Structures are given as structure tokens and as C-alpha cells.
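One structure below.
The analysis underlying the following values was restricted to heavy atoms, covering all of them including side chains, and did not include hydrogens, waters or symmetry mates. All chains are named by letter (A, B, ...) in the order of the sequence lines, taking the proteins before the strands, and each is independently numbered beginning at 1. Note that this is a predicted model, so its numbers are computed, not measured.
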2 protein chains.
Amino acid sequence: MSAAPRRRRTGRDQLLAVALELFARDGIQATSLQGIADEAGVTKAGLYYHYKTKDEIVLDVLKPLLDALPAVTRRAEAHRTRIARVDEVLGGLIEIALYEHSGFAVLMQDPYLTRLLSEQASMRQWWDDTTALILGSDPDPQIRIGLVMFINGLAGASRDPAMAHLDDRDRRQSLLECGRRLLRQD
Amino acid sequence: MSAAPRRRRTGRDQLLAVALELFARDGIQATSLQGIADEAGVTKAGLYYHYKTKDEIVLDVLKPLLDALPAVTRRAEAHRTRIARVDEVLGGLIEIALYEHSGFAVLMQDPYLTRLLSEQASMRQWWDDTTALILGSDPDPQIRIGLVMFINGLAGASRDPAMAHLDDRDRRQSLLECGRRLLRQD
DNA sequence: GTCTATAAACCGATAGAC
DNA sequence: GTCTATCGGTTTATAGAC
């Protein structure tokens with residue numbers, strides 16, 4: 001048996017990192033394959049060895065996040081009390097938003113991706129599951145809107161300069177407090 | 001003296017309404033002048049009689065909102081207590097977001113506009129004034145992040161399908177409650 | 001004020017050499 | 001795997017007739 005394959009810094013990984021950065025900064029539509037290629041130090045045609053279309057690049061860039069989201073909801077479903085489920089969802093989403101804040105904002109706000117994912121049912125399914133988990137059998141409109149506001153607010157807040165002044169622990173704590181306030185049942 | 005000029009439905013107003021709708025749906029970058037012209041029932045070249053560049057159209061579309069935002073902050077500055085200032089800001093922003101929810105989301109989230117406005121100082125100035133007004137002399141990081149989350153969350157929530165089930169009064173009330181929770185000092 | 005026609009640049013995508 | 005060269009289509013923007 002040969003040694004476990006070391007994680008090579010293949011061209012593919014480099015491309016995804018560059019693409020994500022540009023997607024987050026300029027939006028997907030405004031990011032050309034030429035721009036990605038230039039930033040990655042290859043030619044535009046070189047991208048087409050790895051990917052057949054631009055959409056394929058977009059989906060591959062966001063794939064880790066598209067997988068991470070349902071995983072959070074699944075973990076939260078295992079808890080017995082509502083407060084534990086809420087904290088698991090909030091903590092999981094905050095973790096994702098902080099660790100991949102570029103991707104999270106793109107995922108939640110980019111109109112190109114919204115349209116791309118609207119053809120699939122995965123994102124919609126995740127949202128339905130998550131709202132059902134948080135709202136339970138008594139769907140309070142206030143909490144529903146609070147959840148919408150948290151998701152969208154988290155996407156915006158995670159890349160706001162106000163976060164730069166805080167260390168990682170304080171960021172998590174502040175965002176968690178925001179979520180708890182929005183989802184609190186009185 | 002002639003009669004006061006009636007508000008003619010001139011081509012210009014029609015263009016702005018069409019453009020805003022497309023900007024909100026597809027993003028500014030993905031909205032071509034051809035698309036605006038088609039939807040407005042004119043030719044692409046016809047747009048250039050009214051506007052010299054695409055950016056000029058974009059700024060004119062968002063001008064009402066760019067004027068409305070500082071007006072809210074100025075009104076809020078007149079109040080003596082913090083709670084009154086907070087409610088004035090929240091109520092004003094909610095009013096704008098609900099009445100012009102397409103424009104508000106574009107203003108806060110579209111990367112094309114973000115870049116366009118980053119060259120000017122007006123948006124930045126408004127944000128600094130508003131945060132200073134809400135935070136006061138003791139800038140609590142928690143409240144600062146709550147404000148960031150409210151602004152971004154409001155943009156997303158104002159065009160969420162969850163709002164469709166509520167009447168106008170309930171929408172205002174729910175969003176106001178969200179803002180009060182996020183900005184509450186304990 | 002609105003049109004047709006067109007310029008110049010850029011877009012995503014493909015063919016084929018090395 | 002990466003390159004050069006190119007295709008067809010679309011973009012912003014302009015020129016000029018009516």
C-alpha cells in the first residue's frame with residue numbers, strides 16, 4: 001500500500017478559492033471566466049479542462065456550503081428541547097458564516113445563484129426543514145420573520161467591517177445573542 | 001400663470017420603474033439596457049436620449065432612496081431619549097423597506113451598486129451618522145452588530161415570501177419588534 | 001424624441017496544437 | 001494540462017436619419 005495521498009495544491013483547488021473571492025466581491029454575473037483565469041495565473045481556455053461550463057464552477061465553489069447547511073439542520077433535529085434545537089441551528093449557521101463568510105453571503109444573496117438553485121429543490125427543501133424545526137407546530141409569524149432576518153442579517157454581518165474589531169470568540173457570542181433575541185418566544 | 005404642471009407619465013419615469021424591477025430581480029450587472037428598453041417598449045438607443053451611461057440610470061433609480069435614508073436619521077436626531085431615536089430610525093427604515101422593498105434590497109446588497117457608491121462618500125456618511133446616533137457615546141459591539149444585522153436582515157426580509165401572508169400593519173409590527181430586540185440594551 | 005445601423009469590446013464556449 | 005486562435009452572441013455606447 002502506498003502512503004495516503006497528500007492533499008496536493010492542484011489547479012482545481014486554487015481555481016475555486018480565486019473564483020469564490022471574486023464572486024463575493026463583484027457578484028457571480030460580473031465575474032468573468034477571463035477574470036478568474038487571470039487571477040489564477042492561467043488562460044481562459046485552461047479553465048475548460050477542469051470545468052465544462054461557468055455554472056459548473058459556480059456550483060463546485062458553493063458545494064461545501066450546500067452540504068454543510070442540511071448537516072446543521074440534521075444535527076439540530078436530534079435535540080429534544082426547542083431551545084437546544086435553536087442553539088444548534090444558530091451555532092451551526094454562525095460557524096459556517098464566519099468560516100466561509102464569502103461563500104455564505106454569495107449563497108444567500110447572489111441573484112445569479114438564486115436563479116441557478118431555483119431549478120433544483122435542495123435549497124428550498126433545506127429552508128422548509130429548518131423553518132419547520134424552529135417554528136414547530138405553532139408557526140408564529142414573528143419568529144418566522146425573525147428567522148428570515150437572522151439568515152439574511154448573518155450573511156451581511158459576517159462580512160461587515162464591524163466584525164474586524166472583534167476576536168473570533170466575541171464574534172460568535174454576539175451573533176448568537178442576535179439570533180437568540182430574534183427567535184425568543186415570549 | 002398657467003396651471004400647475006400635471007405629473008406627466010413621461011418616458012423617464014416609466015424607464016425608472018421598469019429598471020428598478022429588473023435590477024431587483026436579476027441584479028444590476030445582469031440587467032442589460034436592451035432588457036430595460038424591451039420591457040419599457042422603446043429601443044436601446046432611445047435610452048441614451050435620457051441618460052448618457054448605464055451608471056446614470058442606476059443612480060437615478062436609487063436617488064429617492066439615497067435621499068430618504070439621511071432624512072430618517074435627521075428626524076431621529078431630534079428626539080431626546082435613546083428609545084425614541086431608535087424607534088424613529090427603525091420605523092423610518094421599515095417604511096422605506098416596505099414601500100420600496102425592491103430598491104432597498106438593491107441598495108443594500110447589490111455588488112454593482114456597492115462599488116458604484118464606494119467612490120462617493122454619501123452612503124458611508126449616512127451609515128456613520130446612523131450608527132453614532134444609535135450607539136451613542138458608549139459603542140457596545142453587541143448593539144453595533146445588531147444594527148448591521150437589522151439593516152441587512154430588513155433588506156432580505158422585505159422581499160421574502162413570508163411577508164406575503166401578512167397585512168401591512170402586521171409587517172411593520174413584526175419588523176419593528178425584530179429591530180427593538182436587536183437594539184435593546186440590557 | 002425615437003428610430004436604424006453600427007462600432008468596439010467583452011462574454012461563454014470550442015477546436016486543435018503541443 | 002495548458003496553450004493560441006477563433007466562433008457566435010451580447011454588451012455598452014455612438015452616429016445620423018426622421
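C:dT2 atom C1' lies 12 Å from atom CG of B:L15, rounded to whole Å. Separating the CD atom of A:Q34 from the P atom of D:dT11 is a distance of 19 Å, rounded to the nearest angstrom. When rounded to the nearest whole Å, the span between NZ of B:K52 and P of D:dT14 equals 9 Å. Atom CD of B:Q14 and atom P of C:dT2 are 11 Å apart (whole Å). As a whole-Å value, the separation of A:K54 NZ from C:dC11 P is 9 Å. As a whole-Å value, the separation of B:D38 CG from C:dT2 P is 15 Å. Between the P atom of D:dT11 and the CD1 atom of B:I28 lies a distance of 16 Å, rounded to the nearest Å. One atom, NZ of B:K44, and another, P of C:dG1, lie 22 Å apart when rounded to the nearest Å.
A donor and an acceptor atom, one from each side chain of A:S122 and A:W126, are nowhere located under 3.5 Å apart.
With the nearest nucleotide of DNA chain D identified for both A:Y49 and A:A45, A:Y49 has the one nearer the 5' end.
Of the candidates C:dC3, C:dA13, D:dA13, C:dA13 carries the atom nearest the A:Y48 side chain, counting heavy atoms from C-beta on. Counting only heavy atoms from C-beta on, A:H50 has its side chain closest to D:dT2 among D:dT12, C:dG12, D:dT2.
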Subject >> side-chain hydrogen bond (donor to acceptor under 3.5 Å, both in side chains) between A:D168 and A:Y99, worked out >> reply: CA-CA 10 Å; A:D168 228 45; A:Y99 188 69; over 6 Å; no
**OP:** Start with the C-alpha distance between B:M123 and B:M108, add both sets of side-chain angles, then the distance that settles side-chain contact (heavy atoms from CB on, under 4.5 Å), and finish with yes or no.
**Re:** CA-CA 10 Å; B:M123 194 73 179; B:M108 295 299 168; 4.1 Å; yes
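Taking a cutoff of 4.0 Å between a charged side-chain nitrogen and a carboxylate oxygen, A:D129 and A:R74 do not qualify as a salt bridge.
Listed pair B:S32 / D:dT11 meets the phosphate criterion, a side-chain N or O lying under 4.0 Å from OP1 or OP2. A:T43 has no side-chain polar atom (N or O) that falls below the 4.0 Å cut-off from OP1 or OP2 of D:dT2.
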